[in-house]
Protein chains: 2
Amino acid sequence: MYTLLKQSGHARRGEFKTVHGTVQTPAFMNVGTVAAIKGAVSSYDLVDLRTQVELCNTYHLHLRPGDKLIHELGGLHKFMGWERPILTDSGGFQVFSLAGLRKIREEGVTFASHIDGRKIFMGPEESMQIQSNLASTIAMAFDECIKLPAEYSYVKPSCDRTYRWLVRCKAEMARLNALPDRNNPHQMLFGINQGGTYEDLRIEHAKKIAALDLDGYAVGGLAVGEPKEEMYHILSVVDEYLPQDKPRYLMGVGTPGNIIEGVWRGIDLFDCVMPSRNARHGHLFTWEGIRNINNQKYERDTLPIDPQCDCPTCRRHSRAYIRHLFRAGEKLGQRLAVMHNLYFYNTLMEKIRTALEEGTFEAFRAQYVDLLDTRI
Amino acid sequence: MYTLLKQSGHARRGEFKTVHGTVQTPAFMNVGTVAAIKGAVSSYDLVDLRTQVELCNTYHLHLRPGDKLIHELGGLHKFMGWERPILTDSGGFQVFSLAGLRKIREEGVTFASHIDGRKIFMGPEESMQIQSNLASTIAMAFDECIKLPAEYSYVKPSCDRTYRWLVRCKAEMARLNALPDRNNPHQMLFGINQGGTYEDLRIEHAKKIAALDLDGYAVGGLAVGEPKEEMYHILSVVDEYLPQDKPRYLMGVGTPGNIIEGVWRGIDLFDCVMPSRNARHGHLFTWEGIRNINNQKYERDTLPIDPQCDCPTCRRHSRAYIRHLFRAGEKLGQRLAVMHNLYFYNTLMEKIRTALEEGTFEAFRAQYVDLLDTRI
């Protein structure tokens, strides 16, 4: 259940209650693809990093170790040792981007596993069944994530089908939650707004999915190649058609600047692999901009990555040491870097929430929206 | 300074005082090759694993990031965030095994870097200078580690040269410790007994190096391919010729069974990459024997790696989860496994110390010497 605590323009400071605890929003969800954070970071480390929600990938977990096994072992929380909320995606994004897609039909999608080429069918019911087995806190609807740019004539029937899939998702989730053997019988379902960059399709779709009274709503199909101005425009367009009393989630976004702009347009939840992926390449977020730790200028630098940061990495290790680990190919370097970047994102969200509470969000936005994406 | 607290046969329960704290012996030193434990484990993690001494590799650190840089940054303790004792090897072992060895002369050794093929000269003075720059607690003498089997006619002159190198090491270390800019002006020097598997050479060499009154003594050139009975025999042979009032270190050894047998023959210190290397392949030490976590039988196993273990991994994670991480290629699996195995070795040494204190070491040896090396 979502409670709006304070509003500043379109930006929302809220609380989102779940059976696994309350999420203070706006919040960034940390991506634990296959029930582990890439870079040798565990769910227990995430507690130290003040992560509120962990996101896991349905497609990956369905293939390995298998959702039925996770169901048998008591669900994803128990499996990976994380007590706070978990959001699982629907698997759709990976099916459309990573797997060998064979065919989209009204029933669902046939594709080939990226691991062994095995042919798999996934439709709305299958996605809900897998997510129900995973027993995440929040399940995402099964949708088609359209690559941009896309023709109107492709996007419209795709959106219509995604809506029909959503109706089926809702019915299937209700059926599954009523089964006697569920590890989370209170699993929530979020719908996903689609429509490419076409205002009328976005609005029509948003209205239709809002009427289904789901637990939350995502804006999907953005940050897939379009200019960021188009993404921001669509967010502003759909804002008034998404229910005010439900959390809103911008999928797969983004840079610190993108997140600030998303919050400014009424978004509550974000997720992105950027902080961990960048970290694994030595690209580190700081309150002065983005630092490439591989740079020779850090060879003798005894300062922490960010002197303003109190993450486990910055409290203990120097730039010189972390640069050395990267150059020597030691995995510890990636771990320390990922921990720093995730902590940075979680701290960014804390600062945004504080700014919203104190009525200083406009000033915060002006100060940081470009600065944090600058390379220094 | 070494204090013998209790003796049981040849086995010794002791205390070894250093400027970086006191080591309770027998002890196992955890190998942090390039100032980091392989498997994304940091010096701070080692504190949680109850590690007493961290061992770093002179050869690797000389090449990258360079010992002069580490000297400038205040020494290895500061560089990697570890306050307890550090032992550095001499570089000799890597020069003779890993690098492209060019030539051994009285002055020292010319070899090619395994990173870029660069030609490098290292002799006793160079090794001491590098280790002094690293500012470890204990420096090891520069010696030739002879591959076994080896002819008497090769081993004898090699041992004689290793002795002459040791005399030069001692003089150079005294000179370096007196320099005004040292990060550890109290750096200790351990000599290394060589002699292959020839009793008379081992004894002659042990007597000569004992007379140099060094801070400690290692037995080197073992566990390099000979049957373990030969290694044990040599340990028994040299035992009476190594000073009783100095710590004794068996280099590069070994399995839990090897360690128990080493302690039984009067050894105080051990090091080996085995626990971390095995862990990275999913081979995990337990009090019931060695478990291969990749085995399918662990797919649904919700027990910890070792139900008797209270390491950070066993307190939190199941066999099923760790097996999943290994199969999915997640580095977190390696990290959790390395932490478990290092903790196991540190716990093994604790149990050995307790058994020595309580007079039950013979029973401990009988119970565990073979069991811990058994695959289950």
Side-chain angles (χ1 to χ4, degrees), chain A residues 32-45 47 57 60-61 63-66 68-74 76 78-82 115 280 298-302 304 312-313 315-339, chain B residues 32-45 47 57 60-61 63-66 68-74 76 78-82 115 280 298-302 304 312-313 315-339:
Chain A
T33 309
V34 295
I37 312 291
K38 291 205 181 295
V41 173
S42 79
S43 297
Y44 291 87
D45 294 315
V47 175
N57 290 119
H60 289 290
L61 291 169
L63 296 187
R64 199 165 50 191
K68 283 179 187 163
L69 186 143
I70 290 177
H71 171 68
E72 272 180 53
L73 299 182
L76 204 43
K78 207 167 162 188
F79 186 63
M80 67 181 182
W82 175 251
I115 297 175
R280 297 203 307 281
Y298 301 123
E299 191 177 31
R300 286 172 160 71
D301 192 333
T302 56
T313 302
R315 283 202 309 269
R316 295 166 165 181
H317 301 288
S318 68
R319 295 171 187 169
Y321 180 61
I322 296 165
R323 177 177 186 273
H324 160 65
L325 295 176
F326 269 88
R327 289 178 59 80
E330 281 293 328
K331 297 297 176 204
L332 178 60
Q334 295 196 337
R335 174 176 153 83
L336 297 177
V338 169
M339 299 226 292
Chain B
T33 310
V34 294
I37 311 291
K38 291 206 181 294
V41 174
S42 79
S43 297
Y44 291 86
D45 294 315
V47 176
N57 290 119
H60 289 290
L61 291 169
L63 296 187
R64 199 163 47 192
K68 284 180 185 160
L69 186 143
I70 290 177
H71 171 68
E72 273 182 51
L73 300 183
L76 204 41
K78 207 168 161 187
F79 186 62
M80 66 181 181
W82 175 250
I115 297 175
R280 298 204 305 283
Y298 301 122
E299 191 176 35
R300 287 173 158 72
D301 192 334
T302 56
T313 301
R315 282 202 309 270
R316 295 166 166 182
H317 300 288
S318 67
R319 295 171 185 169
Y321 180 61
I322 295 165
R323 178 178 186 272
H324 160 65
L325 296 175
F326 269 88
R327 289 177 59 81
E330 281 293 328
K331 297 296 177 207
L332 178 59
Q334 294 196 337
R335 172 174 155 84
L336 298 178
V338 169
M339 300 228 289

Pair count under 4.5 Å, heavy atoms only, with chain B: among Leu325(A), Ile70(A), Leu69(A), highest is Leu69(A)
Ala328(A), Gly81(A), Ser318(A): which one forms the most heavy-atom pairs within less than 4.5 Å of chain B?
->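 Option with the top pair count is Ala328(A).
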Between Ile322(A) and chain B, which part of the residue has a heavy atom less than 4.5 Å away: side chain, backbone, both or neither?
->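 No part of it gets close to chain B.
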Decide yes or no for Arg327(B) and Val34(A): does some side-chain heavy atom of the first lie under 4.5 Å from some side-chain heavy atom of the second?
-> no
Within residues 331-338 of chain A, the residues sitting under 4.5 Å from chain B by heavy atom, in sequence order, are Lys331(A), Leu332(A), Arg335(A)
Quick one: which of [options] has the most heavy-atom pairs under 4.5 Å with chain A, could you say?
options                        : value
Leu63(B), Leu73(B), Asp45(B)   : Leu73(B)
Gly74(B), Ala320(B), Pro312(B) : Ala320(B)
His317(B), His60(B), Arg316(B) : Arg316(B)

Taking atom CZ of Phe79(B) and atom OG1 of Thr302(A), what is their separation to the nearest 0.5 Å?
->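 It is 11.5 Å, given to the nearest 0.5 Å.
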Identify, with sequence neighbours excluded, every residue that meets side-chain contact (heavy atoms from CB on, under 4.5 Å) alongside Asp301(B).
->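 Once residues adjacent in sequence are excluded, the partners of Asp301(B) under the side-chain contact (heavy atoms from CB on, under 4.5 Å) criterion are Tyr298(B), Leu303(B), Arg319(B).
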For Glu72(A), enumerate each residue passing the side-chain contact (heavy atoms from CB on, under 4.5 Å) test, keeping only those at least two apart in sequence or located in another chain.
-> Arg300(B)
Interface residues of residues 36-43 of chain B facing chain A - non-hydrogen atoms under 4.5 Å apart =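 The residues closer than 4.5 Å to chain A, in numerical order, are Ala36(B), Ile37(B), Lys38(B), Ala40(B), Val41(B), Ser42(B).
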